[in-house]
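To start, the structure under review is shown below, and the notes come after it.
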Amino acid sequence: MFFRAAWSLVLRKGRLGVRGIHSPEGTAHSKGKMPPYTNYHAQRSYPMPDEPFCTELNAEQRALKEKEKGSWTQLSQAEKVALYRLQFHETFAEMNRHSNEWKTVLGGVFFFCGFTALLIWWQRVYVFPKKPITLTDEWKAQQLQRILDMKGNPVQGLASQWDYEKKEWKK
């Protein structure tokens, strides 16, 4: 109960909450604002931010804003685009365009995979000891012959598969 009441107070003050940085208290008078730009935040899910992208206008931009109040048929295409850029940072097409970040990520993945392979190779050459003698083919053949000579497990094991008279495996 207390948590719910505290959370509603936080939401009411606009510090946190659903609207986040779009709250009236948090955006227009925030301390991190850089002058001609505000803490502007537009995204596909919230395309109409509370304040324009550019708030402090120079003389040319102010003249364009005055011209905007008249007939829009007198505005050129470049002036319309300039007015749009004063209000919004990006168009929907610019918001939706694909970035090339995947190339950087894939390059990083390949770099670290290559570095890991190089590290494993270095460890096999310089860190790990040589193979033990018990893993050589000669040693394995001698061990098999020893088991057969001792007739180990003659009922169901390895010795039951060996023909001792012909000196070969049973068929």
Side-chain angles (χ1 to χ4, degrees), residues 1-140:
M1 186 74 163
F2 175 73
F3 175 74
R4 187 176 288 171
W7 187 248
S8 68
L9 285 175
V10 168
L11 288 175
R12 203 173 299 144
K13 288 195 174 206
R15 305 264 184 238
L16 295 173
V18 178
R19 291 181 57 113
I21 64 170
H22 299 292
S23 62
E25 295 174 353
T27 56
H29 306 290
S30 63
K31 295 176 185 171
K33 183 164 64 168
M34 299 274 301
Y37 304 109
T38 61
N39 288 335
Y40 174 88
H41 183 72
Q43 55 190 9
R44 286 180 293 192
S45 60
Y46 192 73
M48 303 295 262
D50 293 337
E51 51 189 34
F53 176 64
C54 189
T55 56
E56 296 181 11
L57 306 175
N58 60 23
E60 180 183 328
Q61 291 170 338
R62 271 189 246 113
L64 189 59
K65 286 296 254 185
E66 287 299 321
K67 194 174 178 183
E68 173 190 24
K69 294 176 184 175
S71 175
W72 275 65
T73 55
Q74 296 174 353
L75 293 174
S76 69
Q77 185 65 24
E79 290 173 333
K80 290 178 185 177
V81 170
L83 283 170
Y84 183 86
R85 292 295 178 183
L86 288 177
Q87 188 69 27
F88 303 106
H89 178 61
E90 292 180 318
T91 63
F92 274 108
E94 291 169 345
M95 281 187 221
N96 292 333
R97 76 169 174 251
H98 297 290
S99 69
N100 289 331
E101 185 179 5
W102 68 271
K103 294 176 185 177
T104 305
V105 171
L106 199 60
V109 167
F110 285 146
F111 173 78
F112 284 110
C113 286
F115 181 73
T116 303
L118 189 64
L119 187 65
I120 290 172
W121 170 80
W122 179 80
Q123 286 178 343
R124 286 189 179 187
V125 171
Y126 295 108
V127 176
F128 296 143
K130 297 193 186 295
K131 283 186 179 178
I133 195 169
T134 56
L135 293 179
T136 60
D137 291 335
E138 298 86 24
W139 186 275
K140 289 178 184 177

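One-based numbering along the sequence shown.
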Exercise for review: Please report the shortest heavy-atom distance between Phe53 and Phe88, naming the atom on each side.
Suggested key: CB-C, 4.0 Å

Revision key, fill the gap. Output for pair (Asn100 CG, Leu106 CG), nearest 0.5 Å, gives 12.0 Å

Review point. So do the side chains of Arg85 and Thr91 get within less than 4.5 Å of each other, counting heavy atoms only?
Key: yes

Check your understanding: How far does NE2 of His89 sit from CD of Glu94, to the nearest 0.5 angstrom?
Key -> 7.5 Å

Review point. At what distance, to the nearest 0.5 angstrom, does CZ of Arg62 lie from CD of Glu56?
Key: 10.0 Å

Point to revise | More than 12 heavy atoms from other groups under 6.0 Å of CD on Glu60 | key: no

**Study point:** Closest non-hydrogen atom pair between Glu68 and Leu75, with its separation
**Key:** CA-CD1, 4.4 Å

Exercise for review: Look at the rings of Tyr126 and Trp122 and say which category their plane angle falls in: under 30° parallel, 30 to 60° tilted, over 60° perpendicular.
Suggested key: tilted

Check your understanding: What distance do Thr136 atom OG1 and Lys131 atom NZ have between them, rounded to the nearest 0.5 Å?
Key -> 9.5 Å

Study note, to complete from the structure: To the nearest 0.5 Å, atom CZ of Arg124 lies from atom CD1 of Ile120 at 7.0 Å

Exercise for review: Looking only at non-hydrogen atoms, find the nearest pair between Leu83 and Trp72 and report the distance.
Suggested key: CD1-CH2, 4.2 Å

Review point. CG of Leu86 to NZ of Lys65: how many Å apart, nearest 0.5 Å?
Key: 6.0 Å

Practice item. Check the surroundings of atom CD1 in Ile133: do more than 12 heavy atoms from other residues, nucleotides or ligands lie under 6.0 Å from it? Key: no

